[in-house]
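Data block below; observations after.
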Amino acid sequence: MAKYAADNSRDLLKRLRETMADDGDGQARLDHIVELVATSMGTEVCSIYLRRDRQTLELCATEGLNKEAVHQTRMRIGEGLVGKVAKTAQPVNAADAPQTKGFRYMEETGEELYQSFLGVPVQRMGEVLGVLVVQNKETRNYSEDEVYALEVVAMVLAEMKELGAFTGDGEAMSAPHQRAHMLTGGVAQEGFSEGVVLLHDPKIVVSNLVADDPDAEKIRLNEAMDKLRMNVDDLLSATRRGAAKDQADILEAYQLMANSKGWMSRLESSIDSGLTAELAVEKEQSATRARMERVPDPYLRERLHDLDDLSNRLLRMLTGQGRNAGDVVPENAVLVATNIGPAELLEYGKRLKGVILEEGSVGSHAAIIARAWAIPMLINVSAITREALNNDPVLVDGEQGIVHLRPTDEVKTVFKGKLTMLSQAQEKYSVIRELPAETLDGTRIKMQMNAGLLVDLPSLSSSGAEGVGLFRTELQFLMRSAVPKRDELATIYGQVMDNAKGLPVTFRTLDIGSDKVASYMNPMDEPNPAMGWRAIRLGLDKQGVMKMQLQALIRGAAGRPLRIMFPFIAQFNEFRDARDLFFKVLEGEAKMGRVVPTDIEVGAMLETPSLAFAPDQFFEMCDFISIGGNDLKQFFYAADRENERVRKRYDTLNVSFLTFIEQIAARCDQFDTPVSFCGEDAGKPVEALCFAAMGLREFSMRPASIGPVKEMLRRMDLNEARDVINESRKSGEQSVRGDLVRWLKSKS
Ligand code: PEP
Ligand code: MG
């Protein structure tokens, strides 16, 4: 930027800052700003259009156009040149506006007098909040410096809006992060909660917008940049030592970017025009994000994503804001994130009151953890990370998939009503807690619970579960920064049994891989990890960890009965080999003089359709089978459990799946091999009823589901339910759900 232009821009920004300090209301501030910009840039018109809602812009202040049009003139995003700026997040510089494609004449504004037009987006972090326009009567081309200067003003405007400098009448004037907002998404875990937002990746609020001394700002920027480079270098050498090639590649790309002259010179130019170092970084970041949304090439998008991440690090250094390891999780925290893996979620601990994700999926292990913790989790809540600020009050309605951000008092009252209804339902379940899950025709169903942490165990008595049907041992591995020690695991397994107070606990050996990747594992570069080297495949190929875990289980049991099962068995020999390994380890332990259990049951999880067709000898050898419905369903339908788009297409009550379950139950029955269902669907009353009607007699589910499922089963006659399912199967409908739900309604 030329020196004269830079001085001029700095002077204008200084005056803008003064308007921030004015006592006047939001409208007065905007009026003052348009006047200042028009005078400073020598234009006859300066107007500010702000976004009213997702689709509309509203003229909120003008110098030069008819004042009566303020708050009257509105246009849709994409409509006219102003709408085009908002839609594309790009400046429009038109010497002859009426002749420019997309021009639309707004009669009430009196803009027919003006020939030339320059509009720039008012955007913050890739979100367009409005459009800033200057116009002139004569036909003129606005210079690059002028475009730049207007962009800088727009940047400051965006921040002022964010800080609530323009609040006044109407939606368009409100600060985006102060108004109540309702968002919707999918339900990964039901429940209601009230709390405050905790951003997994907190936004940085830049409140220091304009600086008088560009040299001092450049020094701050250079210092932060040096720190950033050192930080990336350190990470890179640590990663190279750890030999995680992919991560090293990413960090090398970071290193190049952190040393990029182009980036640095753009930042310095913004500082020259009067921005603080942090706002200069944010300006670049905003532009990067806007580009990110438009670039179709995935490689380039990744690189822009890296640049975005790097900008975040730089902003954290310049402002001292952001999350650090060891930060305290506030009371009532509802975690808000783009997405989250199970290990990261576990780090927050059970204190969370809910989880809201912009992406995510019902079948993910993060969802399973939320389910185990009985906290509501919503997924696919678009733009939540942009809308929410740390500590914003939030209500999560995990029944309808609604998030109320910064709720109004009326919304809070309605929500409280729902909570009361919920606690009434809980009372109903506590009445039947000690009663058996026996259907009207006298069939007894065993109800067990799923667990994965020691803290889950008290739910055994509060839910009335008859044991732990699935103890997911991998959570202990995911929570740590290194492989847990054998003694440590033995102690935990022993404590789990102590806390179960004689009720059976089925320990599933390590099911790692797929989306369950511990921080200390080198992530495998597999085309499809869910069908990759995971669970028992990994355990059998690398036996060290598996042997260690089996020893820990034997030692933890200390002579008490031991039930273990192996995950993801796809064929007989995998089960036989794993079982042989267990007995070899047991023999070794006995030889060492340890007390070993004598009452031992070794089972398998049926999670791939292939196992249902295994040789008879498998069913004879296996002490019990547990259907891992989450995995089984994804392989049965060839629909990734983590891919919401395909997962939802296939109903669990689809006749094909139910018939398959019926066949598995019959095959197990033939060999007297007990079979249970421990996937998430067991915890849904209608699904559980259908599985029972298909012949299953044992379920394992999250503790909170035991009440509702038991309540349903106790009201039903399985013969009747089977008749309804059979009739429905004959009808040619793909799912029996419609017929079954109609029948259930007719009975209630
Ligand atoms: C399953 O697949 O149903 C199961 C219980 O295992 P996980 O969800 O841990 O893969
Ligand atoms: Mg599984």
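One-based numbering, in listed order, for ligands and for the atoms of each. Basis for what follows: all heavy atoms, side chains included, without hydrogens, waters or symmetry-related copies. Numbers here simply count residues along the sequence, with the first being 1.
- With a 4.0 Å heavy-atom cut-off, ligand 1 is reached by the side chain of E607 but not by its N, CA, C or O.
- Ranking the protein heavy atoms by distance from atom 5 (C) of ligand 1 puts R472 NH2, 3.4 Å first.
- For the Mg ion (ligand 2), the neighbouring protein N/O/S atoms at less than 2.8 Å, given as residue and atom, are E607 OE2, D631 OD2.
- With sequence neighbours excluded, the residues satisfying salt bridge (Lys or Arg N to Asp or Glu O under 4.0 Å) with R560 are D498.
- Under the 4.0 Å criterion applied to side-chain N and carboxylate O atoms, D616 and R667 are assigned as salt-bridge partners.
- Scanning the protein for heavy atoms near atom 6 (O) of ligand 1, the closest one is R508 NH1, 2.9 Å.
- Residue M605 places a heavy atom less than 4.0 Å from ligand 1.
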Going through the checks in order, is the side chain to side chain donor-acceptor pair (under 3.5 Å) test met by T443 and E438?
CA-CA 5 Å; T443 311; E438 190 173 314; over 6 Å; no
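- Figure legend: R576 and F572 shown as a cation-pi pair, the cationic atom lying under 6.0 angstrom from the six-membered ring centre and within 45 degrees of its axis.
- Closest to atom 7 (P) of ligand 1, if we only count protein heavy atoms, is H365 NE2, 3.4 Å.
- If you look at D511 next to ligand 1, the close heavy atoms, those under 4.0 Å, all belong to the side chain.
- Ring planes of F471 and Y493: perpendicular class, angle over 60° (limits at 30 and 60°).
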